[in-house]
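Taking it in order: structure first as structure tokens, then the write-up.
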There are 2 protein chains.
Amino acid sequence: MSQTKAKVTITDVARASGVSSSAVSYALNGKRGVSADTRDKVLKVARELGWKPNSAAKALSNSRSRNIGLIQTRDPKLFAVESYGMELIAGLGTELEKADYSLVIRQADGLESEMRILKDWMATGGVDGVILVNMELGDPRIELLEQNPQMPVLVLGDPSLTGGLPTLWSDDAAAAGIVVDYLSGLGHTSIVRVAGPEEMAHTFIRDRAFMEETTKRGITYSCLHTDYSPTMGAEITERFLTYPGLTSAIVYDSDAMALAGLGVAVRKGISVPRDLSIISWDDSFMCSAVFPSLTAIHRDVVASGAMAAKMILRIIDGEKVEPQEEKPYSLIERDSTGPAPTD
Amino acid sequence: MSQTKAKVTITDVARASGVSSSAVSYALNGKRGVSADTRDKVLKVARELGWKPNSAAKALSNSRSRNIGLIQTRDPKLFAVESYGMELIAGLGTELEKADYSLVIRQADGLESEMRILKDWMATGGVDGVILVNMELGDPRIELLEQNPQMPVLVLGDPSLTGGLPTLWSDDAAAAGIVVDYLSGLGHTSIVRVAGPEEMAHTFIRDRAFMEETTKRGITYSCLHTDYSPTMGAEITERFLTYPGLTSAIVYDSDAMALAGLGVAVRKGISVPRDLSIISWDDSFMCSAVFPSLTAIHRDVVASGAMAAKMILRIIDGEKVEPQEEKPYSLIERDSTGPAPTD
DNA sequence: CATACTAGCTCAACCGCTTAACGTAAGCAA
DNA sequence: TTGCTTACGTTAAGCGGTTGAGCTAGTATG
């Protein structure tokens, strides 16, 4: 085995193959300027010596770090609650891997520190592009990135709220329609929604869509916003269920809250789905594992992550990328939903 | 506002403050060699121009990338199932952030590709240190890193299986003792364990510990290994519960499998905890949200991540770091465990 | 046969920052 | 005055690659 001693540089390869370092560079990068013989020789030597290009040198020389940046905001504890983050990373990661790109993750404890990190990346060239997630209403990141068009960016969020930046988005409004349709079809005339934080862009989109869809069908609709924590989801459920007959269906904006809500209902002796139907927005293994299993709005986050990776790479390559829609949500019917109770 | 036009380099700062670029470097890095006046001037100019050191240049010059590497193996879909990964990242991230380090994540689809990535990092200098997780028995990564002592590494795993490498470890054997003690105290005379994959180092440790602890107390113990998927956890539970009276307590190696197992039991009309006690190894919000809530072995993964970050940074700084133990596991008693049924 | 062109290679500059080595002037003691 | 420090700056080399501009020898062209 080749004992990788110290760092082996292009100069070592050059010396060992009896040519200049430029020739080595040409050979290794498949450029013209060297004969086939020399190229073979160099490649062979490089392989034997276990040469790999130093990433810093390469980055400095062609101003490309081969890094994609992703910033995690929100409370670390809450993060773990959601499968979204991990699935996204997995999807991004696998696809970036193929392009020999790395995913750089930084942790922010709010929009301000996220802005700082973004500015940092723009000034230091630490990443070749960024992916923005968890967009808020009037998000300052949009303006920042619009003002600095030299930094490739992909926003995961609704195009109506992301300025002119390239986006990958899910049609949450359509999904809201599916949910309302479905519940309405089961005879429910009232829907309660335990939503995410009000300032989140996707919450806003959903809020509006639910409002419209329920109004259209003459369904009573009421909505309370949470911080996405299961605890708060449980509290609100508790409050709603204290007055029986208030609603026959609750839609949760996350699987974690749906699970917590289900727990509350069961504890209160409320039968799901006989007395109460529950829908989880976002599907995960929990939804199918728990009893009764949870009807859920499903989307393939890993696939979206992979798609996002492909898009940001194209954007980095200078392509103009149009807003693209994810594979649409689908409703997975399980045991937590049923006909509205006939009182 | 300062319109960040193009990249601003140290040379720009030098020109603008009328000194050489070296003087600027000294000034900005707080080194001696410049007068207080000059230093102030330079700092002021740098701030005005919005200068930030180019990370590639800095990395090239002092052979420090300020990146810590973490490799995700395992099936992306399975990943999302566990909160462990995300919590670890969160813990690492917040702590690295303080030291102005970034977390670089790469996705591998097996040990071989993980080895490739590690070798890559060692040759390219892409990261200053790596954190190894999900250790397996006879893991080839140990040997690789031992042979290349120039690459700082921290292993998250039991010191008995990680050669001489620095480790941060949890005392799984002790926790196994706690579990067996607890169940034994409740009068259970038989324990079934739905474990993780056999090749995982921590599974091995737990296997051995459970075997010893149960033998010591004369408890019937049987164990089946899974791939950690909730599906497989459910299947095995199904199989075990087909013969009633086979066991009165099941311990699951992950919260996901525990939830799935609970679902199976409830569906079969088995009362938890009256007829069956369930313990989840690894606690998460699910365990408290579900009904009945799950008694669980708890550890603070976010805190461990933070500790791991501090350790790897010290290792990078050349300190010799002794194997360190995480805050010990604790058993959180909830509703899924109770006295053994008296037949 | 002189000229032009091209393939194959080397030189040297450059990416942006660090740092050892050196120069210079001021400060101080003898 | 000389000699020795010390403080403050500059120059230049180097980190490990890339790349435009030569240079040289071989081949095609008129």
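In what follows, every chain begins at residue 1, and chains take the letters A, B, ... in the order their sequences are listed.
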Quick one: how far along DNA chain C does chain A reach, first to last nucleotide 5' to 3', anything under 4.0 Å to a heavy atom? C/dG8 to C/dG16
Let me know the distance between CG of A/Asn62 and P of D/dG16, rounded to the nearest Å. 16 Å
Interatomic distance where CZ belongs to A/Arg15 and C1' belongs to D/dG16 [whole Å]: 13 Å
Taking the nucleotide of DNA chain D with the nearest heavy atom to each, does B/Tyr26 or A/Thr11 sit closer to the 5' end? B/Tyr26
From D/dG16, D/dT10, D/dG17, pick the nucleotide closest to the side chain of B/Leu60? D/dG16
Using a cut-off of strictly less than 4.0 Å between a heavy atom of the residue and any atom of DNA chain C, enumerate the qualifying residues of residues 28-41 of chain B by number. B/Asn29, B/Lys31
If I compare all heavy atoms of B/Trp121 with all of B/Gly69, which pair ends up nearest, and what's the gap? CH2-CA, 3.5 Å
Please state whether the base of D/dT10 and the side chain of B/Ser22 form at least one donor-acceptor pair under 3.5 Å? no
Of A/Asp139, A/Leu118, A/Thr167, the one forming a side chain to side chain contact (heavy atoms under 4.5 Å, CB included) with A/Leu132 is A/Leu118
Under 4.0 Å: is that the gap between some side-chain N or O of A/Lys58 and OP1 or OP2 of D/dG16? no
Do A/Asp158 and A/Ser160 meet the criterion of a side-chain donor-acceptor pair at a distance under 3.5 Å? yes
Determine yes or no for a side-chain-to-main-chain donor-acceptor pair under 3.5 angstrom, with B/Lys119 supplying the side chain and A/Gly50 the backbone. no
With heavy-atom distances below 4.5 Å as the criterion, would you say the side chains of B/Leu103 and B/Leu70 are in contact? yes
When the axes are fitted on five pairs at both termini, how much does the helix from C/dC1-D/dG30 to C/dA30-D/dT1 curve, in 10° steps? 60°
Pair A/Asp128 + A/Arg66: basic N to acidic O under 4.0 Å: no
Select from B/Ala23 and B/Ala56 the residue whose nearest nucleotide in DNA chain C is closer to the 5' end of that strand. B/Ala56
When the side chains of residues 10-17 of chain B are checked against the rest of the protein, which donor-acceptor pairs come out under 3.5 Å, sequence neighbours left out?
residue: B/Thr11; atom: OG1; partner: B/Thr9; partner atom: OG1; Å: 3.4
residue: B/Asp12; atom: OD1; partner: B/Arg15; partner atom: NH2; Å: 3.2
residue: B/Asp12; atom: OD2; partner: B/Thr9; partner atom: N; Å: 2.8
residue: B/Ser17; atom: OG; partner: B/Val13; partner atom: O; Å: 2.4

Side-chain atoms of residues 302-319 of chain B: list all donor-acceptor pairs with protein atoms under 3.5 Å, sequence neighbours left out, distances to 0.1 Å.
residue: B/Ser304; atom: OG; partner: B/Asp300; partner atom: O; Å: 3.2
residue: B/Ser304; atom: OG; partner: B/Glu326; partner atom: OE1; Å: 3.1
residue: B/Arg314; atom: NE; partner: B/Glu319; partner atom: OE1; Å: 3.1

For B/Ser25, report the nucleic acid contact type (base, sugar-phosphate, nothing); a contact means any heavy atom under 4.0 Å. base
Can you check whether A/Ala56's main-chain N or O pairs, donor with acceptor, with A/Asn54's side chain at less than 3.5 Å? yes
Starting from C1' on D/dC15, measure out to CD1 on A/Ile10 and report it in whole angstrom. 13 Å
Quick one about A/Thr38 and A/Ser35 (side-chain donor to acceptor, distance below 3.5 Å, no hydrogens or angles considered), yes or no? yes
Heavy-atom check, side chain of B/Leu165 versus side chain of B/Glu146, under 4.5 Å: yes
Check the interface with nucleotides 25-27 of chain D: list each N/O to N/O pair with the protein under 3.5 Å, or write none.
none

Enter the distance from A/Leu96:CG to B/Ile105:CD1 here, rounded to the nearest 0.5 Å. 11.5 Å
By the 4.0 Å heavy-atom rule, please label B/Val19 as base, sugar-phosphate, or nothing. sugar-phosphate
Applying salt bridge (charged side-chain N to carboxylate O under 4.0 Å, His left out), run through B/Glu48 and B/Lys44 and close with a yes or a no. CA-CA 6 Å; B/Glu48 284 170 2; B/Lys44 182 161 161 288; 3.4 Å; yes
Between A/Thr73 and A/Glu114, do the side chains contain an N or O donor and an N or O acceptor separated by less than 3.5 Å? yes
